[in-house]
Amino acid sequence: MNLPSFLWLWKIAAWSMGLSLLAYLLLGISGIWMWNRRISKHARPAWLRPFHWTMGAILVHLVLLLLGIGLIGTLGHYGSLGHSSHLFAGLFVVALVSISAISATQISPQRPWARSLHIGTNIILFGAFIFVTLTGWDVVQKYLP
Ligand code: HEM
Ligand code: HEM
């Protein structure tokens, strides 16, 4: 496989990552907003929860796209996986986003642990995102001319 045919793949990765970070930011803002409204017992704007849901679904798909690009690109180039800590970082992010999304579907007054799990995984996810971006940026240098 020659280099130019691979660079576009990493460009999609970089763009997806930018959008993922934007989605994370908007999820954080809308999530804290929902939290505030709940604690202060004020009504939420009707669009707030659907917005948070939609952004969450977008984040899940972007992260899975990144996983697919990473696995296919690496297999295409090396024929094997596990060439740096970026593999662990990527799998960790996908695991956290999955736990976050699944726990989100369980949030209700009867299941307070689901909210704690949702918020806890998302706080850890912040660090994991930085980790995957730094390690991804590191391996991308090998492909740049
Ligand atoms: C992975 C995708 C995500 C999905 C599908 C999702 C979905 C949800 C759902 C359904 C709720 C419950 C809303 C309610 O109480 O009615 C919720 C709550 C919350 N989410 Fe997310 N979320 C996601 C990601 C995130 C992220 C990345 C953050 C923070 C950076 C976040 C922060 C919060 C917070 C703080 C709450 C609590 C709101 C409250 O206490 O009322 N969420 N989320
Ligand atoms: C949530 C975000 C991401 C996930 C889930 C992810 C996932 C993966 C996975 C699983 C691999 C295979 C690694 C291996 O087997 O060694 C990979 C490879 C790779 N990823 Fe990512 N990645 C993400 C973000 C990024 C970012 C932000 C970049 C940089 C722009 C990037 C660039 C690369 C490159 C260049 C490789 C080839 C690895 C190598 O040559 O050693 N990734 N990615």
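Note that ligands are numbered from 1 as they come in the structure, with each ligand's atoms numbered from 1 the same way.
In this structure, atom 11 (C) of ligand 1 lies nearest to the protein heavy atom Ile107 CD1, 3.6 Å. The nearest protein atom to atom 23 (C) of ligand 1, hydrogens excluded, is given as His118 CE1, 3.2 Å; this is a heavy-atom distance. Counting protein heavy atoms only, atom 36 (C) of ligand 1 is closest to Gly31 O, 4.0 Å. The closest protein non-hydrogen atom to atom 33 (C) of ligand 2 is Trp10 CZ3, 3.6 Å. Distance from atom 40 (O) of ligand 1 to its nearest protein heavy atom, with residue and atom name: Arg38 NH2, 2.7 Å. The nearest protein atom to atom 9 (C) of ligand 1, hydrogens excluded, is given as Ala104 CB, 3.9 Å; this is a heavy-atom distance. Atom 27 (C) of ligand 2 has as its closest protein heavy atom Met17 CG, 3.2 Å. The shortest contact between atom 28 (C) of ligand 2 and any protein heavy atom is with Gly136 CA, 3.6 Å. With respect to atom 39 (C) of ligand 2, the closest heavy atom belonging to the protein is Lys142 NZ, 3.6 Å. In this structure, atom 35 (C) of ligand 2 lies nearest to the protein heavy atom Val139 CG2, 3.5 Å. Nearest non-hydrogen protein atom to atom 8 (C) of ligand 1 is His52 CD2, 3.3 Å.
The backbone N or O of His118 lies less than 3.5 Å from a partner atom in the side chain of Asn122, making a donor-acceptor pair. Between the Ser100 side chain and the Leu96 main chain, no donor and acceptor come within less than 3.5 Å of each other. Judged by distance alone, the side chain of Thr74 and the main-chain N or O of Leu71 form no donor-acceptor pair under 3.5 Å. Side-chain N or O atoms of Arg37 include one that pairs as donor or acceptor with a backbone N or O of Ala43 at under 3.5 Å.
Heavy atoms of Arg37 found under 4.0 angstrom from ligand 1: none, in either backbone or side chain. When heavy-atom distances to ligand 2 are checked against a 4.0 Å cut-off, His83 comes that close through both its backbone and its side chain.
Across all their heavy atoms, Ala101 and Val60 have their closest contact at CB-CG2, 3.9 Å. Here the closest heavy-atom approach between residue Ile107 and residue Arg115 is recorded as CG2-NH2, 3.6 Å. The shortest heavy-atom contact between Val93 and Ala128 is CG2-O, 3.5 Å. Across Val132 and Met17, no two heavy atoms sit closer than the pair CG1-CE, 3.6 Å. In terms of heavy atoms, Ala114 sits closest to Ser103 at CB-O, 3.7 Å.
For an aromatic pair to be called close, the ring centres must be under 6.0 Å apart, and Phe92 with Phe131 fails this. In this structure, Trp33 has its ring center closer than 6.0 angstrom to the ring center of Trp47.
Of the candidates Gln106, Met55, Met34, Arg49, the one placing a heavy atom closest to atom 14 (C) of ligand 1 is Arg49. Nearest to atom 3 (C) of ligand 1 by heavy atom, out of Ser116, Gly56, Gly28, Ser98, is Gly56. Proximity annotation for atom 7 (C) of ligand 2: of Leu125, Leu66, Leu71, Leu66 comes nearest, heavy atoms only. If you check each of Leu9, Leu87, Val132 against atom 10 (C) of ligand 2, the one with the closest non-hydrogen atom is Leu87. One option in Leu59, Asn122, Val97, Thr105 has a heavy atom closer to atom 31 (C) of ligand 1 than any other, and that option is Asn122.
Within ligand 1, the atoms closer than 4.0 Å to a non-hydrogen atom of Trp53 are 5 (C), 10 (C), numbered from 1 in the order shown. Proximity to Arg115 (heavy-atom distance under 4.0 Å) selects the following atoms of ligand 1: 15 (O), 39 (C), 40 (O), 41 (O). Counting the atoms of ligand 2 from 1 in the order shown, those under 4.0 Å from a heavy atom of Leu81 are 15 (O). Every atom of ligand 2 is numbered from 1 in the order shown, and the set under 4.0 Å from a heavy atom of Val93 is 1 (C). Listed by number with element, the atoms of ligand 1 under 4.0 angstrom from any heavy atom of Ser100 are 1 (C), 24 (C).
Hydrophobic clustering of Ile, Leu, Val, Met, Phe, Trp and Tyr side chains at less than 4.5 Å, counting indirect connections, unites Leu125 with Ile130. Follow the hydrophobic side-chain contacts under 4.5 Å out from Val139 and you never reach Trp137; the two are in separate clusters. Cluster annotation: Ile32 and Leu117 are assigned to distinct hydrophobic clusters (Ile/Leu/Val/Met/Phe/Trp/Tyr, side-chain heavy-atom contacts under 4.5 Å, transitive).
Ligand 2 has a nitrogen or oxygen under 3.5 angstrom from a nitrogen or oxygen of Gly82. At under 3.5 Å, not a single nitrogen or oxygen of Thr74, backbone or side chain, sits near a nitrogen or oxygen of ligand 2.
Between atom 21 (Fe) of ligand 2 and the N, O or S atoms of His86, the shortest distance is to NE2.
In this model, a donor atom of one side chain and an acceptor atom of the other lie less than 3.5 Å apart for Ser40 and His42.
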